[in-house]
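Remarks on the structure that follows.
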2 protein chains.
Amino acid sequence: MKAQAEPACPLPTAKRRGPVSHTVSRVARLHRIAAGKVLKKAGLYPGQEFVMMYLWDAGAARQSDIIKAVGLDPSTVTKMLQRLEQAGHVQRRPDPDDRRGVLVEATETSCGLLADVEEAWGELEDQTLAGLDERDRAELARLLGRVEANLRAETADCPEAARASECTEAAEGGS
Amino acid sequence: MKAQAEPACPLPTAKRRGPVSHTVSRVARLHRIAAGKVLKKAGLYPGQEFVMMYLWDAGAARQSDIIKAVGLDPSTVTKMLQRLEQAGHVQRRPDPDDRRGVLVEATETSCGLLADVEEAWGELEDQTLAGLDERDRAELARLLGRVEANLRAETADCPEAARASECTEAAEGGS
DNA sequence: CAGAATAACTTGGCCGACCAAGGAATGAGT
DNA sequence: ACTCATTCCTTGGTCGGCCAAGTTATTCTG
């Protein structure tokens with residue numbers, strides 16, 4: 001009688017195997033959470049580390065360079081830098097040579113974070129790869145590299161970013 | 001004179017190797033973008049697919065069940081369901097048996113999306129794993145599984161979720 | 001040299017995701 | 001029966017991301 005919660009749709013095949021994509025999604029989320037935790041000590045939010053790292057070793061940089069370096073959307077970087085500036089980690093000023101540009105530089109005080117960030121990365125790396133031997137790590141790096149290339153080719157249409165790809169295939173045999 | 005952008009901080013060692021963690025971050029982002037693209041055809045945003053999939057094969061469900069199933073924060077699920085409801089993919093009503101709960105169910109019309117979502121997943125899987133043979137895929141799945149377990153144990157403090165873990169180690173030897 | 005294209009940001013909007021608090025209903029303890 | 005703790009959900013805030021438009025400079029034409 002109680003008509004216990006049944007499938008509402010006629011599942012065609014309902015092959016519930018675990019696509020790697022799902023695992024990637026889960027790992028992505030967990031990894032970000034873990035990153036957030038270890039970065040918290042440095043006072044940064046996940047994502048900001050990449051920008052700061054770039055600034056730390058590039059010195060003053062135009063915003064467009066940062067964007068190219070981290071590969072994010074310009075608006076994302078803008079907002080991130082605004083927060084970073086407000087937090088005192090970064091200093092922004094108009095570029096005298098190109099007045100539509102903005103020069104960004106890590107502040108003195110922010111340099112203290114460098115060590116924290118590197119430590120955080122080390123921790124994260126250890127946490128992520130715990131229990132994997134060298135061979136596994138290398139293998140994982142290799143496979144993730146391939147996956148990254150795949151996705152990069154797929155997300156960026158074709159022209160750019162897909163640097164060393166053929167790009168001359170329009171139809172990917174859909175089987 | 002042009003004082004060409006130099007490191008602003010005394011980089012200690014500046015070991016710029018590529019930690020797997022960075023690759024994971026990049027892959028995570030790219031994967032999400034790719035997911036967004038393939039899901040767009042179904043009219044869903046990345047993340048919603050998991051909820052809908054659960055609802056499609058579980059029928060009516062309490063919100064708490066969904067939360068447990070997808071493992072997200074309750075507030076995330078609440079907001080997602082509000083949007084899903086507004087989009088007509090889902091129907092919510094108070095649970096008569098437990099008046100603080102909410103029963104959620106996929107709408108009739110949403111069933112049409114099932115096929116799209118499964119197709120999208122297939123596409124995403126293909127894009128992600130393009131060029132990898134069966135052995136590589138299996139290997140990747142295995143390694144990601146380990147990484148997931150690692151991160152899961154790390155993010156969830158210890159008590160819960162770390163189901164089959166020792167959890168009896170407090171100090172993780174540095175170095 | 002004027003006008004069009006392009007480059008470099010910014011703003012606003014929207015989403016997923018988190019945390020921190022808070023309001024209801026239910027369940028457990030005494 | 002009354003209190004107290006739990007559970008379930010919501011609201012509000014903050015962040016990282018994206019996209020779509022818009023603004024201001026610079027450059028590339030004609």
Side-chain angles (χ1 to χ4, degrees), chain A residues 25-37 39-40 43-52 61-87 89 92-104 155-157 160, chain B residues 25-37 39-40 43-52 61-87 89 92-104 155-157 160:
Chain A
S25 296
R26 286 193 304 270
V27 167
R29 176 173 150 266
L30 293 169
H31 183 80
R32 174 164 269 264
I33 294 176
K37 282 199 173 179
L39 282 173
K40 200 160 198 172
L44 292 179
Y45 292 89
Q48 303 184 332
E49 2 138 23
F50 296 102
V51 171
M52 290 310 297
R62 269 202 312 271
Q63 204 159 310
S64 55
D65 293 335
I66 303 177
I67 290 169
K68 247 174 292 180
V70 301
L72 296 176
D73 190 90
S75 63
T76 300
V77 174
T78 293
K79 288 171 191 170
M80 200 183 290
L81 286 175
Q82 289 172 345
R83 286 162 187 151
L84 246 17
E85 181 171 37
Q86 192 169 359
H89 299 325
R92 300 171 18 146
R93 62 172 176 289
D95 184 344
D97 294 354
D98 186 342
R99 295 224 311 275
R100 71 207 144 144
V102 175
L103 282 178
V104 188
T155 54
D157 278 334
E160 77 246 286
Chain B
S25 296
R26 286 194 304 270
V27 167
R29 178 174 148 265
L30 293 169
H31 183 78
R32 173 164 269 266
I33 294 176
K37 282 199 173 178
L39 281 173
K40 200 160 197 174
L44 292 179
Y45 291 91
Q48 302 184 334
E49 1 137 24
F50 297 102
V51 171
M52 290 309 298
R62 269 202 312 271
Q63 204 160 308
S64 55
D65 293 334
I66 304 176
I67 290 168
K68 248 174 293 180
V70 301
L72 296 175
D73 190 271
S75 63
T76 300
V77 174
T78 293
K79 289 170 191 169
M80 199 184 290
L81 285 175
Q82 289 172 345
R83 285 162 186 150
L84 246 17
E85 181 171 37
Q86 193 168 0
H89 299 325
R92 303 172 32 173
R93 65 173 175 287
D95 183 345
D97 294 353
D98 186 344
R99 296 223 312 275
R100 71 208 143 143
V102 175
L103 282 179
V104 187
T155 55
D157 279 333
E160 76 247 287

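Each chain gets a letter, A, B and so on, in the order its sequence line appears, and its residues count up from 1.
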* Asked: CD1 of A/Ile66 versus P of D/dG17: gap in Å, rounded?
  -> 14 Å
* In whole angstrom, what separates A/Leu81's CG from C/dA8's P? -> 15 Å
* Least distance between heavy atoms, B/His89 atom then B/Met52 atom -> O-CE, 3.4 Å
* Minimum-distance pair of heavy atoms, taken over all atoms of A/Arg29 and B/Gly71 -> NH2-O, 2.6 Å
* **Between C1' of D/dC9 and CD1 of B/Ile67, the distance in whole Å** => 7 Å
* **Distance test, side-chain N/O of B/Arg92 to OP1/OP2 of D/dT10, below 4.0 Å** => yes
* Distance in angstrom units between A/Lys68 NZ and C/dA7 C1', rounded -> 10 Å
* Asked: When we call it a touch if two heavy atoms are under 4.0 Å apart, what does B/Asp98 touch: a base, just sugar-phosphate, or nothing?
  -> sugar-phosphate
* **Nearest-angstrom distance from the residue atom NE2 of B/His31 to C1' of D/dG17** => 15 Å
* Structure fact -> When every non-hydrogen atom of B/Leu72 is compared with those of B/Ile67, the smallest separation belongs to O-CG2, 3.5 Å
* Measure across A/Arg92 and A/Thr78 and return the closest heavy-atom pair with its distance rounded to 0.1 Å. => NH1-O, 4.0 Å
* Structure fact -> Expected string for nucleotides 11-21 of chain C under the B/S/- scheme (protein heavy atoms, under 4.0 Å, primed atoms plus P, OP1, OP2 as sugar-phosphate) is BBB-SSBBB--
* Which atom pair, heavy atoms only, marks the closest approach of A/Leu103 to A/Pro96? -> CD1-CD, 4.2 Å
* To do: Whole angstrom is fine here: how far is it from CZ in B/Arg99 over to P in C/dG23?
  => 19 Å
* Counting only side-chain N and O atoms of B/Gln63, is one of them less than 4.0 Å from OP1 or OP2 of D/dT10? -> yes
* Asked: Between atom CZ in B/Arg62 and atom P in D/dT7, what is the gap in whole Å?
  -> 13 Å
* Asked: Side chain of A/Gln48, backbone of A/Pro46: donor and acceptor closer than 3.5 Å?
  -> no
* Rounding to a whole Å, what distance do you find between A/Arg100:CZ and D/dT26:C1'? -> 4 Å
* Sub-3.5 Å donor-acceptor pair from the side chain of A/Arg62 to the main-chain atoms of A/Asp98, do we have one? -> no
